[in-house]
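All remarks here apply to the structure that follows.
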There are 2 protein chains.
Amino acid sequence: MTKNTHRPLTLRDVSEASGVSEMTVSRVLRGRGDVSATTRDKVLQAAKELGYVPNKIAGALASQRVNLVAVIIPSMSNMVFPEVMTGINSVLEGTELQPVVGITDYLPEKEEQVLYQMLSWRPSGVILAGLEHSEASCAMLRSAGIPVVEIMDVDGTPIDTAVGISHRRAGRQMAQAILKAGYKKIGFMGTKMPLDHRARKRFEGFTEALAKAGIEVSDQEFYSGGSALAKGRDMTKDMLERTPDLDFLYYSNDMIGAGGLLHLLEKGINIPQDIGMAGFNGVDLLDGLPLQLATMDACRKEVGKIAAQIIADRVIHGTENSEKIIELTPKLNLGATLRDPQ
Amino acid sequence: MTKNTHRPLTLRDVSEASGVSEMTVSRVLRGRGDVSATTRDKVLQAAKELGYVPNKIAGALASQRVNLVAVIIPSMSNMVFPEVMTGINSVLEGTELQPVVGITDYLPEKEEQVLYQMLSWRPSGVILAGLEHSEASCAMLRSAGIPVVEIMDVDGTPIDTAVGISHRRAGRQMAQAILKAGYKKIGFMGTKMPLDHRARKRFEGFTEALAKAGIEVSDQEFYSGGSALAKGRDMTKDMLERTPDLDFLYYSNDMIGAGGLLHLLEKGINIPQDIGMAGFNGVDLLDGLPLQLATMDACRKEVGKIAAQIIADRVIHGTENSEKIIELTPKLNLGATLRDPQ
DNA sequence: GTGAAAGCGCTAACAG
DNA sequence: CTGTTAGCGCTTTCAC
């Protein structure tokens, strides 16, 4: 019953089974060089019969090339990142490159560890979220000698290349749209995540633009943990009890915004006349809500695609990308929760 | 400007910089064997100063051990799978093992390709969704000589070990709960995914249990693509127009169920008296809905944890798991959309 | 078209 | 406690 006799097959096994030299077997299996049709068939047949699976570890060491792209993101449960991954995948699928994902939980130290782990596989490129990294991380990235694409943010200085939107600008833009619509008493709800720099920048841009119009956020609250939908609902309830004269609620993400929306609808509040609302991200997950929430698209899938394309071009064709900062423009969607400008 | 002179550092560089043999450097860096504090410090210092990152490719080849666990799942956008990943991660984080994810899009051929790619890295173990695989995939898995854990389903014969719930039983159980509550005219809505075997088994179990009570599904509809929430809403609207006398709606996932719920609420239908509803999965993402949707928890996170634990135990401690089929019991949550049994 | 030799960067196994 | 020697399974390079 014990099949401890098990030894993974090697090129040599295929070589012996087919009576062809290891070298030629290798060539056939990689589709390289000219090999006569006869030998090729012999080799392919033998490989298939044996159930040979090449050893990429050995291949990579010998060829000094690893077709891996390290993708380092803060979280898997944020929905935003799976979408970015989808974009990355869609591009890499057409190539020999393969993504490998690492999760940082928004912690710089963990990012550093994950990065170290990843780099020890000598990937062909790195895609990582954000522009803020520990010094050690930056040093590793710079000296890795591989393309590095920082995604989801362009407010800062990239190590190599950045692809994303300006969250500061996004925050400002939303504030302007809100002001233009005539709202004046604004409440803000967000996640309690000092290390989510993108949320922070959005909020900064937001308050900055309000300040320019002489307005301050009238109330604010930050949550952590739990179901976002439920939290949005609860926070909204609390905030309106605390500060009943608010006429606008800005949420740092669509999910809590949706929770708030459900609460307001239940209370029979007239949206967007009495109270307007807006979120952020444009998750189409929420398309079926009773009212379309005003939001701003972070171009997640596109960001993933572009980042992957840059890596692929660099690795495969040696093409250097000319633009070092690629800023995408988030689309503002007024939905049905932000009244038309007066 | 071209820094093509770049050459990744090797053990030898650290060895030279510290005046210690490569072997000892290797020992220090891996924390193996007894090394005097003095030499250790020398080595660590040199490694840090140089910014040395070990080459795992070479290490893996030399030691014949690769600390990778292949995780093969159908999709990233299903929410279910990111959650499973979270469970897997939480266990593997405490070990030296690292997950590597592959996506199959529910396609057997793609699964085969992804599996082949993964196995060529000689991972220490494989976790993959479902019990249905192509013959070639099964052959590869069997002859890989590594632990294989099939997750999310136990209705079938595992290659090695299976961890999950019985979807057939889950379907039956939901049907029984519905019947017990006195509902009789039942509509079903699901995804158009012939290759989602788990959804299929759930539906089979469901209809089977209904049949036993002499009842058939009165109407059914399957969708594909688009926002699940919106689709749920639309399908529900269509179905109720088509078959107005339905008194229960069973959805193959919570997301479309939530869409349907929002629609019914808007129409002012009395839930669960006039129409009852249920979904599947127990995504706590939806916790904040106006009414808690009846659902059944697929134990996603736990499945991930157990699967990872089995692999970890086998790889690290050589412990063989005694149970080859680990069936978890999905918790039935009646929520507020399934009236109490009469 | 095919093969032989020489490593890739590291670690197992054994000496000292 | 530390160093030496041989590979791991492949691919590169150069012969034939």
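Just so we're on the same page: letters track the sequence lines, and every chain starts at 1.
- When distances are taken from the side chain of Arg65(B) to each of dA12(C), dG3(C), dC10(D), the shortest belongs to dA12(C).
- If you take CZ of Arg32(B) and P of dA13(C), they are 11 Å apart, rounded to a whole angstrom.
- Closest approach to the Ala58(A) side chain among dC10(D), dT2(D), dG9(C) is made by dC10(D) (side chain taken as heavy atoms from C-beta onward).
- Distance, Leu11(A) CG to dG3(C) C1': 14 Å, rounded to whole Å.
- Donor-acceptor pairing under 3.5 Å, judged by distance alone, is absent between the side chain of Arg122(A) and the base of dG9(C).
- Side-chain contact between Met140(A) and His133(A) is absent, with no heavy atoms from C-beta onward closer than 4.5 Å.
- Closest approach to the Ser36(A) side chain among dT11(C), dG9(C), dT2(C) is made by dT2(C) (side chain taken as heavy atoms from C-beta onward).
- A donor atom on one side chain and an acceptor atom on the other are not found under 3.5 Å apart for Asp41(A) and Gln45(A).
- In the set dC10(D), dG7(D), dG9(D), dG7(D) carries the atom at the smallest distance from any side-chain atom of Ala62(B).
- Within the nucleic acid shown, Asp34(B) comes within 4.0 Å of at least one base atom, counting heavy atoms only.
- Distances were taken from every side-chain heavy atom of Thr39(A) (C-beta onward) to each of dT11(D), dT2(C), dT2(D); the shortest belongs to dT2(C).
- The side chain of Tyr52(A) places no N or O atom within less than 4.0 Å of a non-bridging phosphate oxygen (OP1 or OP2) of dG9(D).
- Here the closest heavy-atom approach between residue Pro158(A) and residue Leu131(A) is recorded as CA-CD2, 3.8 Å.
- The phosphate of dT2(C) (OP1 or OP2) has no side-chain N or O of Thr24(A) nearer than 4.0 angstrom.
- When distances run from any side-chain atom of Ser63(B) to the nucleotides dG9(D), dA12(C), dT2(D), the shortest one goes to dA12(C).
- Taking the side chain of Val35(B) as heavy atoms from C-beta on, and the options dA13(C), dC8(D), dT2(D), the nearest nucleotide is dT2(D).
- For Gln64(A), no side-chain nitrogen or oxygen approaches OP1 or OP2 of dG7(C) to under 4.0 Å.
- Side-chain nitrogen and oxygen atoms of Ser26(B) include at least one within less than 4.0 Å of the OP1 or OP2 phosphate oxygen of dT11(C).
- Side chain of Asn55(A), nearest nucleotide from dC10(C), dG9(D), dT13(D): dG9(D).
- When rounded to the nearest whole Å, the span between CE of Met23(B) and C1' of dC14(C) equals 11 Å.
- Arg12(B) has its CZ atom 12 Å from the C1' atom of dC10(C), to the nearest Å.
- A salt bridge is absent between Glu96(B) and Arg65(B); no separation between the charged side-chain nitrogens and carboxylate oxygens falls under 4.0 Å.
- DNA chain D is contacted by both Gly19(B) and Pro54(A); Gly19(B) maps to the nucleotide lying nearer its 5′ end (nearest heavy atom per residue).
- In this entry the distance linking CG of Leu29(B) with P of dC10(C) reads 9 Å, nearest Å.
- One interatomic measurement links the two molecules: CD of Glu22(A) to P of dT13(D), which rounds to 18 Å at whole-angstrom precision.
- Considering only side-chain N and O atoms, Thr10(A) lies nowhere under 4.0 angstrom from the phosphate OP1 or OP2 of dG9(D).
- Using a 4.0 Å heavy-atom cutoff across all strands shown, Arg30(B) reaches sugar-phosphate atoms only and no base atom.
- Taking 4.5 Å as the limit, some side-chain heavy atom of Tyr52(A) sits within range of a side-chain heavy atom of Leu29(A).
- Here the side chains of Ile73(B) and Val84(B) are not in contact, with every heavy-atom distance at 4.5 Å or above.
- Each of Leu61(B) and Arg27(B) was matched to the nucleotide of DNA chain C holding its nearest heavy atom; the match closer to the 5' end belongs to Leu61(B).
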